[in-house]
Amino acid sequence: MTAISSPTYIGRFAPTPSGHLHFGSLVAALASYLDARSVGGRWLVRMEDLDPPREEPGAQAAILKALESYGFEWDGEMVRQSDRHAAYADVLNRLFSQGLAYACTCSRKQLEPYHGIYPGFCRNAGHGTENAAIRVRVPELEYHFIDRVQGEFRQHLGREVGDFVIRRRDGLYAYQLAVVLDDAWQGITDIVRGADLLDSTPRQLYLQELLGLPQPRYLHIPLITQPDGHKLGKSYRSPPLAEDQATSLLLRALRALGHNPVIELNDATPREVLNWGIAHWDASLIPRTLTLPEAQLQ
Ligand code: GLU
Ligand code: ZN
């Protein structure tokens, strides 16, 4: 009666190639990697290259090289979202033909006074899809979930978000749609990512519900904030991850995640640091917030 152990955990790291990896992305990669490997789970890498105009030339290769030199090993072939357009188009067409999504021709200027909450101008306009954004209708409902670090998070989709874009006017697919379809397609059970995406999660829960997809567990790692509580500005952005600092930056990232790596690891290889992390990972140690001095940016 021995069951073949099947992975009940599939995690992922999903970088956007708009730039290099920096310390914040390392903390996210490390957390998702350790959370997966510490339970014998799979860990995938997915390149979120949905927006070619914002892609930095060479960034994809640089991201993979950085992950490798920091000792990360992923399972299977890396998936690129640029190879998944047919899947996104299928779902988009289905939502549109069912009337669950509609075309919006509002200009940026027209929407400016509404601070990102779409007022529904095009809801019943019946525009064609040509040269229009596609929005999905949201219900007047609050969506909520329990994040493993941040606790309960609630958002009223109608009042706080409004019908949101799933395909942009320039024809590019929106992150919200692609991420939900890919996480389901890849069988992701656990999403570990930065808390900047916390307020995207209710939109993703709604799309999962609408499309009959399973809901993964969520763990949003803290954003690094300044001592006064303000979000880290661009000027604080740390430089690209240097290859020769892999061990020390991994140790720093572990500390930012609430762990206390032993002093002997100072001279260890990146792989040894990761192995220590796998053996000692405890997600309950992750702090909800992180201020600059603790996070010790370079
Ligand atoms: N591609 C997104 C980013 O780099 C992360 C998406 C996700 O983890 O859901 O911010
Ligand atoms: Zn509109």
Side-chain angles (χ1 to χ4, degrees), residues 5-17 20-48 59-81 147-150 179 182-183 186-198 216-224 238 240-243 245-262 265 268-287 290 295:
S5 79
S6 64
T8 52
Y9 187 116
I10 305 178
R12 59 23 168 221
F13 177 56
T16 301
H20 52 258
L21 295 183
H22 50 89
F23 184 71
S25 13
L26 176 65
V27 177
L30 181 64
S32 71
Y33 179 82
L34 296 180
D35 203 53
R37 295 301 198 216
S38 64
V39 294
R42 289 168 62 78
W43 188 68
L44 315 181
V45 172
R46 182 172 72 228
M47 195 58 73
E48 302 213 316
Q60 294 203 18
I63 288 170
L64 297 178
K65 190 155 170 276
L67 288 174
E68 273 166 10
S69 62
Y70 276 62
F72 293 99
E73 283 163 355
W74 54 93
D75 293 305
E77 288 276 302
M78 182 193 71
V79 166
R80 283 194 175 80
Q81 290 191 321
D147 186 86
R148 290 170 56 203
V149 166
Q150 308 296 331
V179 76
D182 289 344
D183 284 333
Q186 296 186 286
I188 302 299
T189 61
D190 288 80
I191 292 179
V192 176
R193 61 186 179 191
D196 53 328
L197 292 167
L198 203 49
R217 286 179 290 259
Y218 289 95
L219 189 167
H220 286 86
I221 59 168
L223 289 186
I224 301 167
S238 48
L241 296 174
E243 251 175 67
Q245 287 183 49
T247 292
S248 67
L249 288 182
L250 281 168
L251 290 170
R252 199 178 283 179
L254 266 173
R255 288 190 198 101
L257 290 164
H259 290 66
N260 270 313
V262 291
L265 286 172
T269 63
R271 194 61 243 167
E272 287 165 340
V273 177
L274 292 181
N275 286 338
W276 183 93
I278 292 169
H280 294 85
W281 180 246
D282 178 357
S284 73
L285 297 174
I286 303 173
L290 257 186

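This one's a predicted model, so the numbers in the text were calculated from it and none came from an experiment.
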Exercise for review: Measure the spacing between CG of Leu34 and CG of Leu257 and express it to the nearest 0.5 Å.
Suggested key: 7.5 Å
Listing, residues 270-277 side-chain donor-acceptor contacts under 3.5 Å, not counting sequence neighbours, or none:
unit_1	atom_1	unit_2	atom_2	d
Arg271	NH1	Tyr33	OH	3.0
Arg271	NH1	Gly71	O	2.6
Arg271	NH2	Tyr33	OH	3.0
Arg271	NH2	Asn275	OD1	3.0
Glu272	OE1	Thr269	N	2.9
Glu272	OE1	Thr269	OG1	3.4
Asn275	ND2	Arg271	O	3.4
Trp276	NE1	His280	ND1	3.3

Practice item. Keeping the roles fixed (side chain from Thr247, backbone from Ala268), state whether a donor-acceptor pair exists under 3.5 Å. Key: yes
Practice item. Taking salt bridge (Lys or Arg N to Asp or Glu O under 4.0 Å) as the test, write out the residues that go with Asp147, two or more places apart. Key: none
Revision key, fill the gap. When rounded to the nearest 0.5 Å, the distance separating CZ of Phe23 from CD of Gln245 is 11.0 Å
**Study point:** His259 side chain to Pro261 backbone, donor-acceptor under 3.5 Å
**Key:** no
Point to revise | Any residue meeting side chain to side chain contact (heavy atoms under 4.5 Å, CB included) with Pro17, in chain and number order, not counting sequence neighbours | key: Met47, Asp49, Glu55, Ala59, Gln60, Ile63
Point to revise | Separation of Leu21 CG from Thr16 OG1 (nearest 0.5 Å) | key: 10.5 Å
Practice item. Return the orientation label for the His220 and Tyr218 ring planes: parallel under 30°, perpendicular over 60°, tilted otherwise. Key: parallel
**Study point:** Within-4.5 Å side-chain heavy-atom neighbours: Val39 and Thr8
**Key:** no
Study note, to complete from the structure: Sequence neighbours excluded, the answer for side chain to side chain contact (heavy atoms under 4.5 Å, CB included) partners of Ala28 is Phe13, Ile221
Practice item. State which residues pass side-chain hydrogen bond (donor to acceptor under 3.5 Å, both in side chains) with Glu243; sequence neighbours excluded, sorted by chain then number. Key: Lys65
Review point. Nearest 0.5 Å, what's the CG-OG distance between Leu241 and Ser69?
Key: 8.0 Å
**Study point:** Residues which pass side-chain hydrogen bond (donor to acceptor under 3.5 Å, both in side chains) with Arg37, listed by chain and number, not counting sequence neighbours
**Key:** Asp75
Point to revise | Contacts of Arg80 that satisfy salt bridge (Lys or Arg N to Asp or Glu O under 4.0 Å) - sequence neighbours left out | key: none
Review point. Of all residues at least two apart in sequence or in a different chain, which pass the salt bridge (Lys or Arg N to Asp or Glu O under 4.0 Å) check with Glu68?
Key: none
Exercise for review: Report yes or no: do Gln186 and Arg46 form a side-chain donor-acceptor pair below 3.5 Å?
Suggested key: yes
Exercise for review: Tell me, please, which residues at least two apart from Asp35 pass salt bridge (Lys or Arg N to Asp or Glu O under 4.0 Å).
Suggested key: Arg148
Review point. Once you round to the nearest 0.5 Å, how far does CG of Leu219 lie from CG of Asp190?
Key: 8.5 Å
**Study point:** Euclidean distance, Trp74 CH2 relative to Ser32 OG, rounded to 0.5 Å
**Key:** 12.5 Å
